[in-house]
Amino acid sequence: MTLSTTFAPADIETRWYQHWEEKGLFRPERPNAEPYTIVNPPPNVTGSLHIGHALDNTLQDIVIRYERLRGKDALWVVGTDHAGIATQMVVERQLEERQDKRTNYSREDFVKKVWTWKEESGGTITKQLRRLGCSMDWSREQFTMDEHFTDAVLKTFVDLYNDGLIYRDKRLVNWDPKLKTAISDLEVETQDLKGSFWHFKYPLEDGVTLADGRDFIEVATTRPETMLADMAVAVHPTDERYASVVGKHVVLPITGRKVPIVADEHADPELGSGAVKITPGHDFNDFEVGKRAGIAAGDMLNMLDGEGNVCQTSDALVPDEFLGLHRFKRDKVNGARELVIERLKEQGFLIPHITKTKKGEEVELDAEPRTIATPFGDRGGVVIEPWLTDQWYVDAEKLAVKPIEQVKSGEIEIIPETWEKTFFNWMENIQPWCVSRQLWWGHRIPAWFGPDGAVYVALTEEEAQEKAGAGVTLTQDPDVLDTWFSSALWPFATLGWPNQTDLLEKHFPNNLLVSGFDILFFWDARMMMMGQYNMGKAPWPKLYLHGLVRAADGAKMSKSKGNVVDPLGLIDQYGADALRFFMAAMESQGRDIKMDDERVKGYRNFATKLWNATRFCQSNGIGASTTLAAPEAKLAANQWIIGEVQQTVEKLEAAMADLRFDAAANTIYHFTWDRFCDWYLELIKPVFAEGASETAAAETREVAGWALDQILVMLHPFMPFITEELWHAQGDLAGTSRKDYPIITAKWPEPRAKVSKAATDAIDWVIDLTGNVRSAKNELGIPPGAKLPAFLPSPSALAGSTIERSSAAIERLARLTPVTLSDAPDGPAMQITAGEDVFIIPLEGIIDIAEEKARLTKALEASSKEAASLEGRLSNANFVERAKPEAVEKAKADFAHHSAEAERLKAALERLG
RNA sequence: GGGCGUAUAGCUCAGUGGUAGAGCACUACAUUGACAUUGUAGGGGCCGGGAGUUCAACUCUCUCUACGCCCACCA
């Protein structure tokens, strides 16, 4: 197949992807091969491909294609996450658009609707991953609510419960009043908001006064509305101002509730008045203070319902006018907060804040302005309410023990290592994980309650019934599990666990996990815990964490800012290969990537360059290679390129072993463009000229075809589409083909070549000479195309043989002809070096002597400076005695080189007069 | 408050205990045969400031400054 003159990515991408997928090439049968396994972080089923996915999946695909080429049984597990809250929200939003709502349906009917949505619309992201070229095993596509996955989830829950690692507890949780569910600590995001700090007087009970005679205690709060459920005032135990009233009471305004003054170290004497109001039912600190003061969780007052509206407390002291109000101002409607302030102000309990304006006038404000760290739910987007409920908790502290050890011992390697500290910091202070969610979509918790509240945890209702005894009416817990509870099982539940399948046996533990650092705690750490708990092993030995892809200006991409870059748009514009190569080339460990369209464009140009190089090969009858090993070669250029391929393979393998995607991408980029295209193809052009030797041409065709093939294979993990296309295009030529199989399952290069040093030295010498000639011409204003006669009075052995063997290349590239191995005639001349050789080129009026002098002077200055610096170092006794011998040797050699060069240049200058 | 990261060419970023590299941008030149999505040559860097260790520091240590991120209960 002859290539078209232009490279159009879109034409080939769909075609090859379909071919790969239909032929099952993402996971060819390799029963005896060493396994290599990666599980893909399952994207939300509601998701669509964003730029972060593009990075994450490109890196994984590079690794998996690389290992596949190296002959491994490479398995890349793929699937989607049911994403409890996100998915339920999507379907609820659809209902709302039709003035409908979830609660109009039974739970079963609603869940059915979600499944229908999933079937119809849940495949967006999987189609998009295909456009990126990701070679996942779609034949075993997983979903976290697949039947077998659900079995794994239930078994894990029941086992953990039986081992005492899951328990039910009544305590404060982060409650999302919009979604009406509990969420975990990790799902809370703190934002700094402008707020107010109010100061109140709480009157002391009759007959009690402070040491200074006041009959009230001043307290301050950012959440005045919670005073409706206050249960104490705390002061520090050593605070003398309040020592006399500890154990006495205050009488709260509005509710008239009489609450004790307690001593507790939580109260900071330095802060405000030193006294703090305690609302155990709506504040995490106060909850602890309340417990220390002897208040049981069950007795703590709760003044809000699940939507954040005021409800009656158990002591029935909240006045009617507050009932039903929202906790604070919302949609411009005042809430309980505003009403509390109004009433306190009316009744003289509000202490105004006095401040001065810029002009120096004193003004009285209701409250002190202040920045308040406010907790928000990451999905619902509303302020979290600490709320007292019964929930299920996982004892994360116990599960974290082993993973911490594994990271410490190196059994699990975190790359880059700097994340280890963060990991330990979180794991060593880990809190119980609240795993129950008050949603309908998700894994229903396998717990049943008897009429007396007794709980029975079992895999099935039948088992639970058995435990409870016949005749006991059981009701299943309505809650579902946190989505992350199921995704924590991903590395093994996707392989069949809890069944002991062959797949599981072979592919667990996985070999590597690639994820963004943003889900280190959400997902990675929890996989470690669950992997250890269920499998007794770490789920993978290596965890590679990459950064975020940022907008071009360095800002975080977000829908609200409108600076989101669509990876599919980039694919349309530049091709998937270019986008992938960009991601790889920019991925240096531990750093965020700034988006740069120009660079993506640059890699599209690189693809075009390769395309055109292949066209050149085709037009010269260069076809596909026939062997994995490098062909026998006699010509210097051919031996040289074989040696260059060999070095490139080594560098690439080293980079991949270290997961240095940037180094790997740059290695193949520079080899392809700088070495292969810019030098090798130029060097071999004379071989195909009319009248050249047919044996030489035949050898060169073979070597060039081989070298191009090695490029295609090495580049394939990064640019799968263009390499597959060119692989076949080459293979279709002239019948000399080993391309009866696709590149995706080709073999990784093994040049196994012995390359003579003489040959590579010769080409390096030609390259050096050519560069120096071009440079001199440029500086002297000689037309680049001009052919110049040259004299080489005392050629080195290398020069002698090279001029003989590669005269065509010297003529074509260096444009020196004829080269005479004798002294130059008298008269002004310029000098050009190549290695240790000095060419003399007579000027004969073509060169401006002044300019040549300037050029030589500049070069002489550089050489002298180098030589002087090295001489200084070598004359330093400390250096010679104490530096490493190699360093001293190198300095000596460099000095010899630079001083000789300086001598030559001096002589040349003198010749010019 | 604690932890982490980053500061290198105009921009985006690599890098090593032995006087600095890439891509883009810039300048000059070239151009009918693989390729203008090109070629050739070139200019451009007190490697954030200061101190220390060392024969030698862009690199190691400390410190300062700036920016970014994560965690944390300041009512």
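Throughout, a chain's letter reflects where its sequence line sits, starting with A, and its residues are numbered from 1. Both backbone and side-chain heavy atoms feed into the values below; hydrogens, waters and symmetry mates do not.
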Just wondering, are more than 12 heavy atoms of other shown residues or ligands nearer than 6.0 Å to CD in E397(A)?
no
Audit row: R615(A), N612(A), side-chain hydrogen bond (donor to acceptor under 3.5 Å, both in side chains) steps and yes/no
CA-CA 5 Å; R615(A) 286 179 56 222; N612(A) 284 313; 2.8 Å; yes
Does W673(A) have a side-chain nitrogen or oxygen under 4.0 Å from the phosphate oxygens OP1 or OP2 of rG39(B)?
yes
Counting only side-chain nitrogens and oxygens, does S588(A) get under 4.0 Å of the OP1 or OP2 atom of rA14(B)?
yes
Regarding E682(A) and K685(A), does a basic nitrogen lie under 4.0 Å from an acidic carboxylate oxygen?
yes
Checking R599(A) against F582(A): charged group under 6.0 Å from the ring centre and within 45 degrees of the axis?
no
Using a cut-off of less than 4.0 Å, is there contact between a side-chain N or O of K685(A) and OP1 or OP2 of rA34(B)?
yes
Do R526(A) and W433(A) form a cation-pi contact, if we require the NZ or CZ to be under 6.0 Å from the six-membered ring centre and within 45 degrees of the ring's axis?
yes
Can you pull every protein N or O that's under 3.5 Å from an N or O on nucleotides 40-44 of chain B?
from    : atom 1 : to      : atom 2 : distance (Å)
rA41(B) : O4'    : N778(A) : ND2    : 3.3
rA41(B) : O3'    : S775(A) : OG     : 3.4
rG42(B) : OP1    : S775(A) : OG     : 3.1

Member of F424(A), W426(A), W419(A) meeting the ring-ring contact (aromatic ring centres under 6.0 Å, His included) criterion with F521(A):
W426(A)
For nucleotides 69-75 of chain B, list the nitrogen or oxygen atoms of the protein found under 3.5 Å from its nitrogen or oxygen atoms, one pair per line.
from    : atom 1 : to      : atom 2 : distance (Å)
rC73(B) : O2'    : N285(A) : ND2    : 3.1
rC73(B) : N1     : N285(A) : OD1    : 3.4
rC73(B) : O2     : N285(A) : OD1    : 3.1
rC73(B) : O2     : N285(A) : ND2    : 3.4
rA75(B) : OP2    : R370(A) : NH1    : 2.9
rA75(B) : N6     : D268(A) : O      : 3.0
rA75(B) : N6     : L271(A) : O      : 2.6
rA75(B) : N1     : D268(A) : N      : 3.0

Please determine whether a side-chain nitrogen or oxygen atom of R660(A) lies at a distance below 4.0 Å from atom OP1 or OP2 of rG15(B).
yes
Any K421(A) side-chain N or O less than 4.0 Å from OP1/OP2 of rC4(B):
yes
Starting at the 5' end of RNA chain B, which residue's closest nucleotide do you reach first, T418(A) or Y669(A)?
T418(A)
At less than 3.5 Å, do the side-chain atoms of K609(A) and the base atoms of rC35(B) form a donor-acceptor pair?
yes
NZ/NE/NH1/NH2 to OD/OE distance under 4.0 Å, K594(A) and D592(A)
no
Report the stems of RNA chain B as range-with-range entries sorted by first number; a stem here is at least three consecutive pairs, Watson-Crick or G-U wobble, both distances under 3.5 Å, and write none if there are none.
B:1-7 with B:65-71, B:10-13 with B:21-24, B:26-30 with B:38-42, B:48-52 with B:60-64
We want to know whether S863(A) and E866(A) form a side-chain donor-acceptor pair, criterion being a heavy-atom distance below 3.5 angstrom.
no
Heavy-atom nearest nucleotide on RNA chain B taken for K594(A) and for H670(A); more 5' hit belongs to K594(A)
